[in-house]
Structure formats: C-alpha cells, structure tokens
Amino acid sequence: MSVGPAGPVDRASATAPEDPYALVRTRGYLRLLWVAALIGFPVCAVAFGFLALVHELEPLIYQDLPRALGFAGTPVWWPVPLLVVAGLLVGLTVRYLPGHGGHEPADGLALSGAPPLSALPGIALAALASLSFGAVLGPEAPLIALGGGLAAGAVRLLGRGMTSQAVAVVGAAGSFAAVSALLGSPLLGAFLLMEVSGLGGPMLGMMLVPGLLASGIGALVFTGLGDWTGLGTYSLALHGIPKAAEPTVAEFGWALVIGLAAAFLGAGVRWLSRLLKGHVVRHRVPATMVMGLVVGALAVAFAAATGKPATEMLYSGQSALGSLFRDSAGYSVAALLLLILCKGLAYCASLSAFRGGPIFPALFLGAAGGVVLSHLPGLSLTPAFAMGVGAMCVAMLRLPMISVLLATLLLGRSGLTVMPLVIVAVVVAYVVALRLTPATAPEAHPAAAPQAA
C-alpha cells in the first residue's frame, strides 16, 4: 500500500479502493502502445526471416547437399553425421557464447524476461543448428527469446525515460508478436504468454494489449512478406479438414482414455529428458554430440524399418501435421507406433541437449497417437486427432487453455464441433499429469504469486 502525502487525509479517500485501470488513462501508457506497434514491424520481419532460413536450410541439408557430394539420393545413414555435427555446434554455442543458447527446453516453456542483446547471436545460432539439422524441437522458444530480446534491446538503446517495467512490457510484446503468427492467431499467442507468465486480474488486459497490438501488426508483416517472397507464412494451420460429426457417448469415453494415456506419456518424456539433461550439463559438448547421434540413429532405424524418409521422423512435426491427417491411411498401425516410439525418444534426446521449443513435437506425438486409436471402434479420425493434440500438449506444457485452443482452432469449424471432447481429454491429462509430478519437483513456469493489494 502506498503512503500518501503528509497532512490530514479524508476518511472517504483513505478507504476508497485504488483504480486498477488508472495506468491505461496515462499518457505513458499511450506511448507504450505506440512503441509496441512500432516494434511489431521489425521484430516480425526478423522472426519471418528466421523461420524462412530454417525452412530453406532443411532441403538444402537433406536433399541438395548429398547430391552435390555425388550421391544419387539421400543415403539412409545421412542423418547420423549431420546430427552429430549439429550437436557439436550447439554444444560449443551453449558452452562458450553469452546466453548459453537460450533456455533449456527440458524445463518446459518458460518466460524469464527478455534476454540481453549480447545473448541473441548464441540463441539464434543454437536454434538454427538444432532446427535445420533435424532435432525434434520447435521454433517457438527461440522466437520468443529473439522477439523479446530485440524489442527490449531497442527500447533500452533508443528509449528515453522508459522505466524498467515499461521495457519489460515492450519485451513481452516483442515475444508476443514473434510467436503469434507462427501459432496462426494473435489470440493463441495471447493465451500462451498469459498462461506461461501467470498474469491475472486487471493487470492482464493492460499487459496483453500492447502484445495484441504488436502481434496484430506482426501478422500483417508475416502475410505481406509471405506473399512478396512467395515463401508462405509458416503459420500452424491445417486445410481440407472434413466436417466432424457431433460427439458421441463412446467418444467421451475415449476422451478419458486419451487424457490418461497422454498424461503418462508426457510424464515419461519429461522424466527421461530431465534425466538425460543431468548428464548433458556435466559434459556439454561431447554429450550433445552423443544426443545428436541418438537422434540420427533413431531416424535411420525408422527409415530402414518403414521405407519412409528419415525426415518424417525428424524436425518438430509442425509441417507434417497436415500430411499425417490427410495421409493417415498410408501408415500402417505398426508404422505409426514405430514413428511414435522413435520420435518420442528423439524428442527426449533433443529436449535434453539441443535448443528449441517443446510445443510442436508434443502436438505431433499426440496427433499420431490419436490416429492410431482411430482404428479402434467408437472413435473417428477427426476427434481422435484433436483430442490427442490437446491432451499431449497439456501433458508437456501444463497449460490447459492454450492446449484446448491449439487443438480446436487447428481444425477450423470441425474443431468447434469436437471441442467438448478436447476439453475432457485436456482436463483429464492436466489433472493426472500434475498428480504424477512430485510435489517437490520445480516447475518451469510457475504461476506468478498474486500481488498484495
């Protein structure tokens, strides 16, 4: 409680509650909105360039490079040396460059403030080496760090009279803008950062409005650059989803099963990745190379056993979600189970040592599990896919609202139809996952403690 000026204080004014929205009515807040709007353009241009570079490097490394070296095609063993090299690059970056390559993905998706400008080259290099060489991680965590670091750094360098709190808000807006277009909607970015940061109460709107503004402008930047360059927008979206039927009683029963299964699978992934991380941090460079070798070997094993390209098991799975849904008939149940096993283990190894985000591999694993279960009686493909995505997302991230929204908005109108099923699966997975976590285990994104009045 603030102390008033010296002198007598009127009883009514002493007991009157403070206006929680007073900040919005100040000129400083309007200035903050202008800064957030201006930040949205360059931050999203950088985010677009980062995603475009990762997207262009993937075929260059796995298709063009082997042909340039004289191979008729991509050898089945090709991922092994590449991921060992990626491990070397990431290990050296984490070990020697400022910022340690960004946050540890095995700890979940965390917001610990915008990184300094000096840390951004290391974060970008570690993420590029991880994502473009095939580590089973997504781009969302590096984008959050790069967007927040660039926005906060620009304000510190150019701003005059900006408080540390204002710099933090602009940094959050930069993160917001960078990741929202990737998720396909500014609203998804809003819920993601709201749940990760633990915002609540009247401060929620005041903190999110600058981010919504920056991300809305950023979405225009992504769309404009995507059309201008012909590279697309790299947003998470599925097309051609058939209309889903209304949920049935049997499917509500399957929602309980999927929620339980995802909770146990997510707990296993988190346990193994943190176990491996404990060994990696003690021997950073060689251990990261070993984890790269593991991911590459799993990709080779999957390709040799199924006859499918190793790249279907590598990477985050973001771009493969659509093909998994449309071409699910092209996978046998055995191939899908092997894909889940190999990608799940590669996910654990990648979380423990490489740099990237945990969201998209979790979505893919949940989707693949849903496709497998859709072969059983009483469960059709679309609700199984959506429930798997939502349940596995919440099992890994512990963010129930964003998990429901990701699973349903991903499927368009059909997502709205199956939303009740997704909610049940997500709630079950969330509660069971929390009960499987020891009370003394630290969480990567604890909710912020409520502020005293």
Side-chain angles (χ1 to χ4, degrees), residues 35-36 38-57 86 88-105 107-133 135 137-159 162 164 166-183 189 192-193 196-197 210-211 214-215 217-218 221-222 225 234 284-285 288 316 350 353-359 444:
V35 172
L38 294 174
I39 285 294
F41 283 98
V43 164
C44 284
V46 171
F48 182 90
F50 177 82
L51 292 173
L53 182 56
V54 170
H55 183 75
E56 293 300 313
L57 283 175
L88 175 62
L89 294 175
V90 173
L92 291 173
T93 301
V94 174
R95 177 70 177 82
Y96 294 107
L97 291 187
H100 306 293
H103 92 290
E104 297 275 0
D107 295 333
L109 194 63
L111 285 181
S112 56
L117 288 175
S118 61
L120 299 188
I123 292 173
L125 180 58
L128 280 174
S130 299
L131 303 177
S132 59
F133 279 75
L137 293 169
E140 66 280 359
L143 286 181
I144 288 173
L146 292 173
L150 288 172
V155 170
R156 292 190 188 102
L157 291 175
L158 304 176
M162 296 285 282
S164 58
V167 172
V169 171
V170 173
S175 296
F176 201 151
V179 77
S180 291
L182 174 68
L183 297 176
L192 175 66
L193 296 185
V196 171
S197 62
S215 62
I217 291 172
V221 173
F222 262 67
L225 287 175
Y234 309 110
R284 174 62 65 180
V285 177
T288 306
S316 69
S350 300
F354 288 91
R355 289 297 185 263
I359 294 179

(message) Restricting to non-hydrogen atoms, name the atom on L137 and the atom on S350 that form the minimum distance, rounded to 0.1 Å.
(response) CD1-O, 3.6 Å
(message) Are S316 and E140 packed together at the side-chain level, in the sense that at least one heavy-atom pair is separated by less than 4.5 angstrom?
(response) no
(request) Quick one: closest heavy-atom pair of P142 and G138, and the distance? (result) CD-O, 4.0 Å
Could you pull out all donor-acceptor pairs under 3.5 Å where a side-chain atom in residues 144-155 meets a protein atom, sequence neighbours excluded?
none

(message) Quick check: do T288 and V94 have side-chain heavy atoms less than 4.5 Å from each other?
(response) no
(message) Using every non-hydrogen atom in the two residues, find where S118 and P98 come nearest and quote the distance to one decimal.
(response) O-CB, 3.7 Å
(message) How long is the straight-line distance from NE2 of H55 back to CZ of F48, given to the nearest 0.5 Å?
(response) 10.0 Å
(message) Measuring only between side-chain heavy atoms, which start at C-beta, is F354 closer than 4.5 Å to P105?
(response) no
(message) Could you measure the distance from the CG atom of L51 to the CD atom of E56? Nearest 0.5 Å is fine.
(response) 11.5 Å
Residues 121-131 side chain polar contacts: donor-acceptor under 3.5 Å, at least two apart:
from	atom 1	to	atom 2	distance (Å)
S130	OG	A126	O	2.8
S130	OG	R355	N	3.0
S130	OG	R355	O	3.3

